[in-house]
> 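I'd like to ask some things about the structure below.
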Amino acid sequence: MSKNILVLPGDGIGPEIIAEAVKVLDAIQQTSSLNLRLEYGVLGGSAYDAEGSPYPESTQSQAKGADAVLLGSVGGPQWDNLDRPLRPERGLLGIRKDMGLFANLRPAILYEELADASTLKPEVVAGLDILIVRELTGGIYFGQPRGIETLANGEKRGYNTMEYTESEIIRIGKVAFETAQKRGKKLCSVDKYNVLEVTEMWRNIMDELSKDYPDVELSHMLVDNAAMQLVLDPKQFDVIVTTNMFGDILSDQASMLTGSIGMLPSASMNESKQGLYEPSHGSAPDIAGKGIANPLATILSAAMMLRYSLDAADQAARIEAAVKAVLSAGLRTADIMQEGMSRVSTSEMGDAVVKAMK
Ligand code: NAD
């Protein structure tokens, strides 16, 4: 059966890194029974330039028909002064909302070969492999009421609302338990149940859900402790599940344990496992067009796409093993360059991964 993939190169280094991920998908196509149909579209600043909107209708209808979306990155200084609804980031928020992407999966993996890229001691982080499952469409970022008002005495008051319904917690919990089942079978749910009622309910629901997943060991941790433990002993974690705001902060913190933003993929999924896959980094306008960007985060995002949306975990593992082999062979783009290693360009790195897959 054929699978439809919408490819959105985006802005800045987006087109350069997407080109390398597409090389890898072409190689999969040629050497497996998978039938991948790639269609290209526009999103972000380049979409605004071409069609006057960061998320034009053409892209909206393409996204509806896709099994998965592979995105480069959006944004750049040339679009920073546009009205907010026209800015590139609105394109990203638009497609996430449209696709109903409520689960954000962000791995933080530190390959042994890159252990000294981290600011932490190599023995603390070498071999790190954790996954943060963040709720993406609820919580305090979306709760109502919200706003800034002026009180009768003239003082201003700003307020937001943290809220979750039972069903929102259950669906993110299920994604987290099922993901843990496919990995190390350990799940840590992060909350602030001692202060926030909404996360007391979160904790109770996770406990209830755990009865359906007896093979997964569930633990709970307060968010302030989780922030400390991530720096103190990050390898204690396998999968972490948490709310939108806590996940926003903890996933950035976890990604920095690895020291190399150019290596980190991410996935966002909806209930029917349709997903948007993109590197965790931005469009890096400072290095765009120079052929030096690291394409590995995007290539690893394509691997996540194969595993989570296209039922091709074997092909995902092939890509991940090829990335590891290329690093072991000493190939490095500028951002992860180390003494004694061979510096390669964006396209040379993509070619090397394709070669290692054969
Ligand atoms: P950034 O992630 O683009 O860049 C931060 C630093 O990391 C830069 O020095 C950059 O050169 C480097 N870097 C990033 N990716 C790299 C790669 N693959 N290889 C080598 N080096 C890499 O973050 P920023 O500078 O804060 O943002 C730049 C633009 O990207 C902004 O317009 C921002 O809004 C946008 N952005 C987009 C996304 C997204 O598309 N999801 C995410 C974050 C930022």
Side-chain angles (χ1 to χ4, degrees), residues 6-21 24 41-49 54-55 59 69-82 84-97 99 101 104-106 108-109 114 117-119 134 136 247-249 251-253 255-256 258-268 275-302 304-305 323 326-327 331-338 341 343-350 353:
L6 174 61
V7 182
L8 301 172
D11 310 321
I13 60 170
E16 300 165 55
I17 52 181
I18 279 288
E20 303 314 309
V24 169
V42 289
L43 189 80
S46 50
Y48 171 78
D49 289 347
Y55 182 39
T59 311
V69 179
L70 183 64
L71 170 67
S73 50
V74 299
Q78 63 271 53
W79 299 289
D80 280 352
N81 295 323
L82 290 173
R84 278 190 186 276
L86 299 176
R87 290 193 198 161
E89 300 72 33
R90 283 297 172 100
L92 195 54
L93 293 178
I95 194 169
R96 280 181 182 157
K97 186 161 182 277
M99 291 175 69
L101 305 172
N104 181 220
L105 273 57
R106 273 180 63 176
I109 297 171
L114 300 178
S118 174
T119 52
R134 165 188 169 195
L136 201 58
D248 188 5
I249 299 165
S251 61
D252 268 11
Q253 186 190 351
S255 70
M256 278 303 105
T258 73
S260 42
I261 187 94
M263 298 294 304
L264 298 170
S266 84
S268 307
L276 174 79
Y277 298 83
E278 57 180 325
S280 292
H281 58 73
S283 59
D286 52 330
I287 57 166
K290 296 186 178 162
I292 58 171
N294 186 344
L296 293 178
T298 316
I299 290 173
L300 292 168
S301 301
M304 288 187 88
M305 176 175 79
V323 167
V326 163
L327 294 173
L331 302 192
R332 303 281 187 274
T333 43
D335 57 310
I336 51 171
M337 187 58 194
Q338 297 158 304
M341 302 292 152
R343 186 171 161 167
V344 293
S345 68
T346 308
S347 66
E348 285 166 341
M349 184 59 102
V353 173

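Predicted model, so just to flag it, every value in this text is computed and none were measured. For ligands, and for the atoms within them, numbers begin at 1 and follow the listed sequence.
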> With a cut-off of 4.0 Å, which atoms of ligand 1 are near a heavy atom of E89?
34 (O)
> Within the distance-only criterion (no hydrogens, no angle test), does the side chain of T59 pair as donor or acceptor with the backbone N or O of Y55 below 3.5 angstrom?
no
> Side chain, backbone, both or neither: which part of A297 comes within less than 4.0 Å of ligand 1 when only heavy atoms are counted?
neither
> Roughly how far, to the nearest 0.5 Å, is CE of M304 from CD of E278?
11.0 Å
> Which part of T333 is near ligand 1, with near meaning a heavy atom under 4.0 Å away: side chain, backbone, both or neither?
neither
> Measure the CZ-CG distance between R87 and L82 for me, rounded to the nearest 0.5 Å.
7.5 Å
> Could any protein non-hydrogen atom be found less than 4.0 Å from atom 28 (C) of ligand 1?
yes
> From atom 5 (C) of ligand 1, is the closest protein heavy-atom distance below 4.0 Å?
no
> What are the two closest non-hydrogen atoms of A117 and T258, and how far apart are they?
CB-O, 4.0 Å
> With nothing but distance in play, are any N or O atoms of H281 less than 3.5 Å from an N or O of ligand 1?
yes
> Distance-only, no hydrogens or angles: does the T298 side chain make a donor-acceptor pair with backbone N or O of I17 under 3.5 Å?
no
> Quick one: side-chain hydrogen bond (donor to acceptor under 3.5 Å, both in side chains) pairs with a partner in residues 71-82, sequence neighbours left out?
D49-W79
> Closer than 3.5 angstrom, by distance alone: can the side chain of R332 be matched with the main-chain N or O of L327 as a donor-acceptor pair?
yes
> I need the I13 CD1 to I18 CD1 distance, nearest 0.5 Å.
10.5 Å
> So for I287, does at least one of its heavy atoms come nearer than 4.0 angstrom to any atom of ligand 1?
yes
> Kindly identify the option in P77, G282, G91 whose heavy atom sits closest to atom 36 (N) of ligand 1.
G282
> What protein heavy atom sits nearest atom 7 (O) of ligand 1, and how far away is it?
I261 CG2, 3.9 Å
> Could you list which atoms of ligand 1 come closer than 4.0 Å to a heavy atom of S73?
40 (O)
> Among all the protein's heavy atoms, is there at least one whose distance to atom 25 (O) of ligand 1 comes out below 4.0 Å?
no
> For G76, take its heavy atoms, then give the atoms of ligand 1 lying under 4.0 Å from any of them.
32 (O)
> Give yes if a backbone or side-chain nitrogen or oxygen of V74 is under 3.5 Å from a nitrogen or oxygen of ligand 1, and no if not.
yes
> Below 3.5 angstrom, do we get any N/O pair linking A284 and ligand 1?
yes
> Considering only non-hydrogen protein atoms, determine which one is nearest to atom 39 (C) of ligand 1 and report residue, atom name and distance to 0.1 Å.
L92 CD2, 3.8 Å
> Verify whether one side chain among S283 and D11 offers a donor that lies under 3.5 Å from an acceptor in the other.
no
> Between S345 (side chain) and E348 (backbone), is there a donor-acceptor pair under 3.5 Å?
yes
> Measuring from atom OG of S347 to atom CD1 of I292, what distance do you get when rounded to the nearest 0.5 angstrom?
12.5 Å
> Whether the side chain of E20 engages the backbone of L296 through a donor-acceptor N/O pair (distance < 3.5 Å, no angle test) should be reported.
no
> Hey, which atoms in ligand 1 end up nearer than 4.0 Å to a heavy atom of G75?
32 (O)
> Quick one: does ligand 1 sit under 4.0 Å from the side chain of I17, the backbone, both or neither, non-hydrogen atoms only?
neither
> By number and element, which atoms of ligand 1 are closer than 4.0 Å to a non-hydrogen atom of E278?
41 (N)
> Under 3.5 Å, is there a donor-acceptor pair between the side chain of S280 and the main chain of L264?
yes
> Would you check the N or O atoms of N294, main chain and side chain alike, for any that come under 3.5 Å of an N or O of ligand 1?
yes
> Return the residue, atom name and 0.1 Å-rounded distance of the protein heavy atom closest to atom 8 (C) of ligand 1.
D286 OD2, 3.5 Å
> Measure the distances from the heavy atoms of A293 to every atom of ligand 1 and state whether one is below 4.0 angstrom.
yes
